[in-house]
There are 2 protein chains.
Amino acid sequence: MFPVVLPNRPFREPAANARGKLLEAAVRLVRTQGFAATSVDDLCREAGVTKGAFFHHFPSKEALGVAAADYWSQSTGAFFASAPYHLIEDPVDRVLAYIDLRMALIGGPVESFTCVAGTMVQEAFRTSAAIRIACETSIMTNAAALESDIAAAMAQAGVTGTTAASLARHIQAVIQGAFVLAKTQENQSCADLAREQLGHLRRYFTMLFNADEKEAPR
Amino acid sequence: MFPVVLPNRPFREPAANARGKLLEAAVRLVRTQGFAATSVDDLCREAGVTKGAFFHHFPSKEALGVAAADYWSQSTGAFFASAPYHLIEDPVDRVLAYIDLRMALIGGPVESFTCVAGTMVQEAFRTSAAIRIACETSIMTNAAALESDIAAAMAQAGVTGTTAASLARHIQAVIQGAFVLAKTQENQSCADLAREQLGHLRRYFTMLFNADEKEAPR
DNA sequence: GGAAACATACCAACCGGTCGGTATGGTGCA
DNA sequence: TGCACCATACCGACCGGTTGGTATGTTTCC
């Protein structure tokens, strides 16, 4: 149905300059260790650059965190914006296809499919307002991109009692929760547990959007 | 319906000895700063004990993390086990009442209602297997405590296509995801956003358990 | 040549953890 | 009763290494 999307395969081109290498290193290290446990030296080593390069491009470690969240937001946003599921005509199917796509992206080691923003905001929400806001923007922008499809699906199915924005946020919440639960597992089970959660999300949406069909012929 | 459960009010007695004080300090600091960003000195200052006391009771910071997860698991487990919602006869209502209770516990600053295990596992899943397992136990034990109620509700409503264990895990996933999203918000909105997610979870369960009534008279 | 893009060397503060020592209270025995 | 003995609880100075960050080159490219 879709071109195969390999999980764990980064969909970003290798960065040439130090700034890009540091952002890529930040994505990898934050995903595996978290932000606080990742030192500037770690980042430089992983990126293959020196500390001078780091502080040339970023005034502080916190600024790197903000930039990493923005970088993450932009690259994932572009990926989902260009995903072919948008071509599906029926809005309900389109929303479900988004969930299926998120499910297909889950695989391999847990740090290969988890979310940088979700990981970072857990640690930094109180210590760094800048990072918190950058993560908020990342997650909420991701949610907002789904609103129009969800609104169309709701209108078609006659769903009431909630809003498209709220449902879009819930998708993000379930995804983030799936990642947290996945991190409690040993290697092999991570992806299964995460996919299970998206399965329930899919079922919720299926029931919501089919409520019309089930209740109409009474 | 229930005796009022004040959110943000710890339901644990103040600890007398250094060990207990350190565990309480760990709960507070890990919730607000995360595990890695919390130093041993921070913990000692917050607990009002010295470093000597710390390493008398815990062989390492990692061991404190494990103990904190166990402590968290035990105290929350006891709280939910003794909650009066268990008295409700109808199993479907009982499951929904658990969700309502979780919803009622959300309020005040975000670090007063979030989960220690969920926060800690995000940072430590790769760096410390011991902490990862302690957090897994905490979350999965919490989930397992719901299984019998959910199984009874499923049997009564004739729900198929999933298992009680899977649904119990999903409750935990949505709660964890709600916490992550809440942390992206400024003070006032945190609780609202978290409650919104539990609202969707409640709707999912309501639809699941009423599926019987809707589909039977065809 | 001059600014941007890096590299090297270095710093003070802080990190987790160690260590010698003390205060206290229980136990066994004369 | 009283005292030697000892385990537990706790103290705070201290250690080597690491931290985020800086100051000062050197190279690269327009």
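A, B, ... follow the sequence lines: proteins, then strands. Residue 1 opens every chain. Quick caveat: nothing in here was measured; it's all calculated off a predicted structure. What you see below is based on every heavy atom in this structure, not just the backbone, and it leaves out hydrogens, waters and symmetry mates.
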Those residues that, when tested against [X], pass side chain to side chain contact (heavy atoms under 4.5 Å, CB included) (two or more places apart):
X	result
S138(B)	W72(B), S73(B), A117(B)
A168(B)	A143(B), L146(B), E147(B), I150(B)
D192(B)	R195(B)

Open item on the list: We want to know whether R102(A) and Y98(A) form a side-chain donor-acceptor pair, criterion being a heavy-atom distance below 3.5 angstrom.
Closed with: yes

Task: Interface with DNA chain C, restricted to residues 122-133 of chain B and to heavy atoms under 4.0 Å - done: none

TODO: Sugar-phosphate atoms are those with a prime plus P, OP1 and OP2; base atoms are the rest. Using that split, label each nucleotide of nucleotides 4-20 of chain C B, S or - for protein heavy atoms under 4.0 Å, 5' to 3'.
DONE: -BBBB------SBBB--

Open item on the list: For the backbone of R94(B) and the side chain of H86(B), can you confirm whether one donor and one acceptor N or O come within less than 3.5 Å of each other?
Closed with: no

Task: Side-chain (D42(B)) to main-chain (S39(B)) donor-acceptor, under 3.5 angstrom - done: yes

Task: Pairs involving residues 72-87 of chain B, ordered by first then second residue, that meet salt bridge (charged side-chain N to carboxylate O under 4.0 Å, His left out) (sequence neighbours left out) - done: none

